[in-house]
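One structure is given here, and the rest of the page talks about it.
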Amino acid sequence: MVVPAHVPELATLDVLVTVAHAGSMNAAARELGMSQQAVSARVHAAERETGMAVFRRSATGVEPTTEGVVILEWAAAILDQAQRFSAGVDSLVGQRSATLTVAASMTIAEYLMPEWVVALRDAHPEVKVRVWPMNSTEVRARVVAGECAVGFVEDGGVQGGVTARVVDHDQLLLVVPSDHAWARSGHVTPAIVARTALVQRESGSGTRVVFTDAMTAAGHPPAEPMLELNSVSAVRAAMLSAGSPAVLSSLSVRDDLRRGTLVAVAIDGVTMPRQLRAIWDRDRGLRGPARDLVDHALRHGATSDHA
């Protein structure tokens with residue numbers, strides 16, 4: 001059979017469909033973990049391949065042309081068939097009965113992964129799942145080395161060699177014990193935070209990267225930590241014991257905030273949102289149980305209220 005003309009590759013079709021759903025090149029780039037220039041290049045390539053303009057551009061974003069609506073419908077159908085084909089191949093080679101090895105950042109491993117794995121096991125009870133908790137930098141290294149099928153990282157673990165997709169969102173919070181002086185005012189200046197030695201996660205963790213970047217962007221790079229620890233639970237325990245401030249995920253402290261054990265303190269003019277991403281090796285792709293796990297994460301992220 002001769003390969004038909006005017007059919008872009010699957011990755012390009014995926015970009016087209018994502019741009020249509022996101023409403024802009026920038027939003028699609030964030031969702032796909034790509035640069036805006038790379039997304040734009042894919043769209044232009046598809047338009048050259050088909051000989052038609054798929055989108056109308058404006059200052060506020062993009063919208064499909066009349067022809068683009070039809071092309072996007074066909075693209076979605078092709079992607080759906082490709083997923084069915086991949087799932088069928090996976091089933092034939094027995095991948096669904098294999099052990100799925102996943103690397104995940106500490107916050108994701110502790111507070112999100114259990115629910116995702118339960119959902120995967122409910123749909124595919126034959127799948128065995130092994131989760132390796134580690135920081136985001138280490139997750140990326142394991143994925144690139146081929147030691148796990150998929151990884152989950154916070155901001156800071158996506159550089160080069162991997163494909164990424166945003167599955168959820170999170171917010172970092174500066175928190176203190178309820179009897180700390182900062183708890184009474186409920187806010188503090190970036191300059192004061194920068195002069196204070198905090199209990200922090202280790203270098204290379206997504207939490208540490210986002211906090212450092214946010215403070216540096218505000219003109220106040222943070223001081224060296226009072227203590228560095230490599231798990232969320234250890235940071236929380238140390239800050240309660242020492243009575244010192246710490247920066248932690250909203251996921252990890254929501255029960256403490258509800259009980260009043262900890263108090264969130266606003267840093268004037270500084271916010272620390274972050275994206276939680278699934279990553280996989282660009283060449284090997286994502287298939288079988290790993291793809292199903294990412295799908296469960298995406299569905300959970302679409303309905304969660306913690307962001």
Begin with the C-alpha distance, continue with both residues' side-chain angles, and end with the deciding distance and a verdict on salt bridge (Lys or Arg N to Asp or Glu O under 4.0 Å) for D295 and R165.
CA-CA 11 Å; D295 287 343; R165 175 148 268 174; over 6 Å; no

Hey, are the side chains of L198 and F211 touching, using non-hydrogen atoms and a 4.5 Å cut-off?
yes

For M226, does the CE atom have more than 12 heavy-atom neighbours from other residues, nucleotides or ligands under 6.0 Å away?
yes

Separation between CE (M113) and NE2 (H296), nearest 0.5 Å, reads 12.0 Å

Hydrophobic clustering (ILVMFWY, side-chain heavy atoms < 4.5 Å, transitive) - are V253 and L229 grouped together?
yes

Rounded to the nearest 0.5 Å, what's the gap from CG on D168 to CZ on R274? Could you check?
11.0 Å

Distance in Å, R208 CZ paired with Q200 CD, rounded so as to fall on 0.5 Å steps
4.5 Å

May I ask you to check whether over 12 heavy atoms, not counting those of E73, lie within 6.0 Å of atom CD?
no

T99 and R130 side chains, donor-acceptor separation under 3.5 Å:
no

Side chain to side chain contact (heavy atoms under 4.5 Å, CB included) between L298 and H300: does it pass, once the steps are laid out?
CA-CA 5 Å; L298 284 164; H300 176 272; over 6 Å; no

Single-linkage hydrophobic cluster L276~L286, side-chain heavy atoms < 4.5 angstrom
yes

Would you say that V235 contacts V247 through its side chain, given a criterion of any heavy-atom pair below 4.5 Å between the two side chains?
no

Note, V62 side chain near V43 side chain (heavy atom, < 4.5 Å)
no

Does any part of the side chain of F55, heavy atoms only, come nearer than 4.5 Å to the side chain of T65, both counted from C-beta?
no

Will you find, in the side chains of T18 and E31, an N or O donor that is under 3.5 Å from an N or O acceptor?
no

Do the side chains of L172 and V166 join up, straight or via other hydrophobic residues, at under 4.5 Å, putting them in one cluster?
no

Check the hydrophobic clustering (I, L, V, M, F, W, Y; side-chain heavy atoms under 4.5 Å; chains of links allowed) and say if V69 and I71 are grouped together.
no

What's the separation between atom CG in L10 and atom CD in Q81, rounded to the nearest 0.5 Å?
11.5 Å

Taking the side chain as every heavy atom from C-beta outward, state whether V143 and R140 have any pair of such atoms under 4.5 Å apart.
no

Taking the basic N atoms (NZ, or NE/NH1/NH2) and the acidic carboxylate oxygens, is any pair closer than 4.0 Å for E63 and R57?
no

Measure the spacing between CD of E202 and CE of M106 and express it to the nearest 0.5 Å.
6.5 Å

Pair D170-S250, side-chain donor/acceptor within less than 3.5 Å:
yes

Walk me through whether S249 and V232 qualify under side chain to side chain contact (heavy atoms under 4.5 Å, CB included).
CA-CA 8 Å; S249 161; V232 178; 6.0 Å; no

Under a 3.5 Å cutoff, is there a donor and acceptor pairing between the side chains of S233 and E110?
yes

Return yes if a side-chain donor-acceptor contact under 3.5 Å exists between T60 and S58, otherwise no.
yes

Would you give the length of the straight line joining atom CD of E154 to atom OG1 of T107, rounded to the nearest 0.5 angstrom?
4.0 Å

For T163 and I279: C-alpha separation, side-chain torsions, deciding distance, then whether side chain to side chain contact (heavy atoms under 4.5 Å, CB included) applies.
CA-CA 6 Å; T163 298; I279 63 172; over 6 Å; no

Do V129 and F152 share a hydrophobic cluster, counting only Ile, Leu, Val, Met, Phe, Trp and Tyr and linking them when any side-chain heavy atoms are less than 4.5 Å apart?
yes

